Student: 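Here's a structure for you.
Predicted model, so just to flag it, every value in this text is computed and none were measured.
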Protein chains: 2
Amino acid sequence: MSVARPSAIWFADEPERKPRLSRERITRAAVALLDVEGVNGLSMRRLAARLDAGTMSLYEYVSSREDILDLATDAAIAEIETDGVDGLPWRAALSRQLGRSRRVMRRHPWLPALMSTRPLLGPHALARAELVYALLQQAGLDGPRLTAAVGALTYYVQGYAAMENTWRSRRHDPAAEAQLRRRAQRYLDRRADQHPTLARHADLGNDDMDHSFQLGLDVVLDGIEAQLRG
Amino acid sequence: MSVARPSAIWFADEPERKPRLSRERITRAAVALLDVEGVNGLSMRRLAARLDAGTMSLYEYVSSREDILDLATDAAIAEIETDGVDGLPWRAALSRQLGRSRRVMRRHPWLPALMSTRPLLGPHALARAELVYALLQQAGLDGPRLTAAVGALTYYVQGYAAMENTWRSRRHDPAAEAQLRRRAQRYLDRRADQHPTLARHADLGNDDMDHSFQLGLDVVLDGIEAQLRG
DNA sequence: CATTCCTTCCGTACGACGTACGGATAACCG
DNA sequence: CGGTTATCCGTACGTCGTACGGAAGGAATG
């Protein structure tokens, strides 16, 4: 520690002027843990264990488990890319951008539920919202109509992604998922006299989710187009 | 107990051939408790206490806390009235019906979050879904377009209601809520250079939620109208 | 009437949870 | 060198979901 020895640098730890933990490290570990264990599986103890830290150390950087969920939410939202939509026609730009949102929500199945139950005020969430607002404003919307259109688009994407996750198992197992959906479909068919239209159209066997996502998105985009004309 | 006495009936308890507990009684108590305490406040112990029962007695009627959340969800959905929309023009019918949905989701603030995180297969949920399917089919939609339109409407209503609840306090306190929204609005304004369009339009001070709900709903309905024409 | 069985009720106990509190350690500042 | 401050975290408390097994009493059977 005091005598200078040749090559000693290679055996010493990095000065470690930074503390071992940080919000960023905690957030990264939280996202990873949420991906594997889901929201109920994220506990302060498990998270701390992943970081080789004592449980209570987390509270130096965060004041509650809720804070961690907020941080993880914004970190996951940050994974939604934002480049390459600015020049596009507004419909193509929004389709592309919201498709990216959905992709991230599939990568992090816990995300839609958290997004819809807390105010999204993190920097990355605000940036993603700004992008949609800006695209629609450039398309010609403004005022309360603009806000309404952003809402319709946002809630559709979140709702669709949440529905998808509803039919997914914790450890993504396509066979088990297909089985569950077949069971639900049979259940619906058995009661088809109570709800014939639903039974005929609720297409639980459908596996082209990309396409049906786009179909619903087109409904909302058509609505926006109508507002632009009206 | 054996000798028949005149008027003894008035002093005896009702035969109580029914057990004290039942799914229905449990479900009703669960809804009431959820309204007061929220999803995290519903515990098996508290619920049992409300019913003057032992905690483990609940498990005779239900196999887990999750089951209770499913039952409570369907029971709350049952509060959405369904009469008096059949003769109406399709836009009026859907506006009225979905307005009722939103009203129930405000009465039970925990409802939208539960609806978007579990498959809705309860009898009342299916009946409400059937109604929307039927109205849109009568309007002229069918096949995947019909399914897509139902999704766009449903997710919009759920998303809007969830957003509203996000800004509400546990014990509905208008003053505290307004204060929270003002704080959030100031926070947005301070960062307005990062997201000018959002800051200008995110109308957190707005208190005519009925109107802005309808504006967004009109976007989706316009989209459906466009699909009917196209 | 006696016996068996089944439904309903629930006390106890276990492991996991969020977090309040206060102590340890060590880097920094004077 | 002494004191201050940032970081780390062990312990403990109250709460949670629920597994297990037993009690109580009516119904079914002899």
Side-chain angles (χ1 to χ4, degrees), chain A residues 1-2 9 12-30 33-34 36-73 110 113-114 117-118 170, chain B residues 1-4 8-9 12-31 33-34 36-73 110 113-114 117-118 170:
Chain A
M1 259 177 240
S2 47
I9 183 67
D13 288 332
E14 196 192 345
E16 282 289 68
R17 202 48 272 115
K18 290 172 296 190
R20 300 198 320 105
L21 258 39
S22 67
R23 279 200 181 178
E24 209 206 307
R25 246 165 66 73
I26 291 172
T27 304
R28 248 202 302 274
L33 189 53
L34 283 164
V36 176
E37 308 281 357
V39 173
N40 288 341
L42 180 131
S43 76
M44 301 302 273
R45 282 171 232 261
R46 289 220 257 196
L47 180 56
R50 277 211 165 213
L51 291 160
D52 281 323
T55 303
M56 295 308 292
S57 303
L58 299 175
Y59 288 89
E60 289 294 326
Y61 299 90
V62 122
S63 74
S64 70
R65 178 174 177 275
E66 287 291 296
D67 278 3
I68 290 178
L69 294 179
D70 280 334
L71 289 170
T73 299
W110 43 274
L114 292 187
T117 48
R118 55 197 67 226
R170 164 99 20 263
Chain B
M1 262 174 236
S2 48
V3 181
I9 182 67
D13 287 334
E14 195 192 347
E16 283 287 69
R17 202 47 269 113
K18 289 174 296 189
R20 299 197 322 105
L21 258 38
S22 66
R23 277 200 183 178
E24 209 206 306
R25 246 165 66 73
I26 291 172
T27 304
R28 247 202 302 273
V31 169
L33 188 53
L34 283 165
V36 176
E37 307 282 357
V39 174
N40 289 340
L42 180 131
S43 75
M44 301 302 274
R45 282 170 232 261
R46 290 221 256 200
L47 180 55
R50 278 209 164 214
L51 292 160
D52 282 322
T55 304
M56 295 308 292
S57 303
L58 299 175
Y59 287 90
E60 288 294 326
Y61 299 90
V62 121
S63 74
S64 70
R65 178 174 177 273
E66 287 292 296
D67 278 4
I68 289 178
L69 294 179
D70 281 333
L71 289 170
T73 299
W110 43 273
L114 292 188
T117 48
R118 55 197 68 225
R170 162 99 25 261

Student: Rounded to whole angstrom units, what separation is found between the CZ atom of Arg23(B) and the C1' atom of dT7(C)?
Tutor: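 Roughly 15 Å, once rounded to whole Å.
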Student: Over how many whole Å does the gap from Asn40(B) atom CG to dG18(C) atom C1' extend?
Tutor: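 Whole-Å distance recorded here is 11 Å.
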Student: State which residues pass salt bridge (Lys or Arg N to Asp or Glu O under 4.0 Å) with Arg46(A); sequence neighbours excluded, sorted by chain then number.
Tutor: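 By the salt bridge (Lys or Arg N to Asp or Glu O under 4.0 Å) rule, Arg46(A) matches Glu37(A).
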Student: Excluding sequence neighbours, so at least two apart, what forms side chain to side chain contact (heavy atoms under 4.5 Å, CB included) with Ala113(B)?
Tutor: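 If we apply the side chain to side chain contact (heavy atoms under 4.5 Å, CB included) test to Ala113(B), skipping adjacent residues, the hits are Thr117(A).
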Student: Can you check each nucleotide of nucleotides 5-13 of chain D against protein heavy atoms at under 4.0 Å and return B for base, S for sugar-phosphate only, - for none, in 5' to 3' order?
Tutor: --BBBBB--
Student: Which salt bridge (Lys or Arg N to Asp or Glu O under 4.0 Å) pairs, counting each pair once, include a residue from residues 63-73 of chain A, with sequence neighbours left out?
Tutor: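 Pairs touching residues 63-73 of chain A that pass the test: Glu66(A)-Arg118(A), Asp70(A)-Arg118(A).
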Student: For Met44(B) and dC10(C), what is the distance between atoms CE and P respectively, to the nearest whole Å?
Tutor: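 Going from CE in Met44(B) over to P in dC10(C) covers 14 Å.
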Student: To the closest 0.5 Å, what do you measure between CG (Leu42(A)) and CZ (Arg50(A))?
Tutor: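 Leu42(A) atom CG to Arg50(A) atom CZ measures 9.5 Å (nearest 0.5 Å).
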Student: Check the distance between dC16(D)'s C1' and Leu47(B)'s CG and give it to me in whole angstrom.
Tutor: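 Interatomic distance, CG of Leu47(B) to C1' of dC16(D): 14 Å.
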Student: When the distance from CZ of Arg46(A) to P of dG15(C) is rounded to whole Å, what number comes out?
Tutor: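 Taking CZ of Arg46(A) and P of dG15(C), I get 16 Å after rounding.
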Student: Please report the distance, rounded to the nearest Å, between CZ in Arg65(A) and P in dA20(C).
Tutor: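 Interatomic distance, CZ of Arg65(A) to P of dA20(C): 15 Å.
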Student: Kindly write out the residues that satisfy side-chain hydrogen bond (donor to acceptor under 3.5 Å, both in side chains) with Glu24(B), not counting sequence neighbours, or none if the list is empty.
Tutor: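 With sequence neighbours excluded, Glu24(B) shows a side-chain hydrogen bond (donor to acceptor under 3.5 Å, both in side chains) to Arg28(B), given in chain and number order.
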Student: I'd like to check the side chain to side chain contact (heavy atoms under 4.5 Å, CB included) partners of Tyr61(B); sequence neighbours left out, ordered by chain and number.
Tutor: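 Tyr61(B): side chain to side chain contact (heavy atoms under 4.5 Å, CB included) contacts with Pro19(B), Leu21(B), Arg23(B), Ile26(B).
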Student: Within the pair Ser43(B) and dC16(D), is there a side-chain N or O less than 4.0 Å away from OP1 or OP2?
Tutor: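 Checking Ser43(B) against dC16(D): at least one side-chain N or O falls below 4.0 Å of OP1 or OP2.
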Student: What nucleic acid atoms does Leu51(A) come within less than 4.0 Å of, heavy atoms only: base, sugar-phosphate, or nothing?
Tutor: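 It contacts nothing in the nucleic acid.
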